[in-house]
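Both backbone and side-chain heavy atoms feed into the values below; hydrogens, waters and symmetry mates do not. Throughout, protein chains are lettered first and strands after them, A, B, ... in sequence-line order, and every chain is numbered starting at 1.
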Amino acid sequence: MNYWLLKSEPDVFGIDHLQRFNETIWDGVRNYQARNFLQTARVGDLAFFYHSNVEPIGIAGLCKIVEANIADPSQFDPRSTYYDPKSNLAAPRWWTVKVQFVEKFANVISLETLRQQFQPDDLIIIRKGNRLSVTPVSEATALRLLEMA
DNA sequence: GCCAACGTTGGC
DNA sequence: GCCAACGTTGGC
């Protein structure tokens, strides 16, 4: 099993939304490196839910992948902000997963705490200038994060 | 294939 | 609101 970190702005979609909806298709990823990570995610993998651009910044909860290799439906929807006219049904360009709510942490693991506890090599999210919205997390790091939650 | 220009992200 | 960092675009 693998571990991931999914980044989102809670003003748009946060852990509270996921708790309310229980499941969601993680749509709108339009970065090839992030997409490639998503394509390797498998059912049963766990993903940390990171809140960006908000106070407090940090890991707010946990979810799990319940469906893998979904062609992101928003790429085909002209009304969607994620619409991609260069994609098509026969050869979808953007792939994603469906995630299910697992847990909202009692306290957000803050970015400051993450920086104190981990090295940039261990946790991509704390690397300077990182903008990837989907990143892998090693098992060792994941287990430590789960203990901190 | 290079790279300047541009738009976006996201912490501060 | 600022701005550094980054990815993408498009002219050449």
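- Looking at L114(A) and L145(A), their side chains come closer than 4.5 Å, going by heavy atoms from C-beta outward.
- Distance, N53(A) CG to dC3(C) C1': 13 Å, rounded to whole Å.
- Residue K128(A) places its side chain closer to dA5(C) than to any other of dG10(B), dT9(C), dA5(C).
- D45(A) places a side-chain N or O within donor-acceptor distance of the main-chain N or O of N2(A), the cut-off being under 3.5 Å.
- If you take CD of Q33(A) and P of dA5(C), they are 18 Å apart, rounded to a whole angstrom.
- When the P atom of dT9(C) is taken as reference, atom CZ of R30(A) falls 13 Å away, rounded to whole Å.
- Rounded to an integer number of Å, the gap from CD1 of I125(A) to P of dG10(B) is 8 Å.
- Side chain of Y32(A), nearest nucleotide from dC12(B), dT9(C), dT8(C): dT8(C).
- With the nearest nucleotide of DNA chain C identified for both K86(A) and R131(A), R131(A) has the one nearer the 5' end.
- In plain terms, the two heavy atoms of N31(A) and W94(A) that are nearest each other are N-CZ3, 3.6 Å.
- Aromatic pair F49(A)/W4(A): centroids not less than 6.0 angstrom apart.
- Dashed line: the shortest gap from a side-chain N or O of Y50(A) to OP1 or OP2 of dG11(B) is under 4.0 Å.
- Between the side chain of K7(A) and the main chain of L132(A), a donor-acceptor pair closer than 3.5 Å is present.
- Proximity of R115(A) to the phosphate of dC12(B): a side-chain N or O atom is located under 4.0 Å from OP1 or OP2.
- The nucleotide whose nearest atom lies closest to any side-chain atom of N31(A) is, among dG11(B), dT9(C), dG7(C), dG7(C).
- Taking atom NZ of residue K7(A) and atom C1' of nucleotide dT8(B), one finds them 12 Å apart after rounding to whole Å.
- One can place CG of D84(A) at 12 Å from P of dT8(C), the figure rounded to the nearest angstrom.
- Across the protein-nucleic acid pair, L111(A) atom CG and dT9(B) atom P stand 18 Å apart, rounded to whole Å.
- If you take CG of D11(A) and P of dT8(B), they are 18 Å apart, rounded to a whole angstrom.
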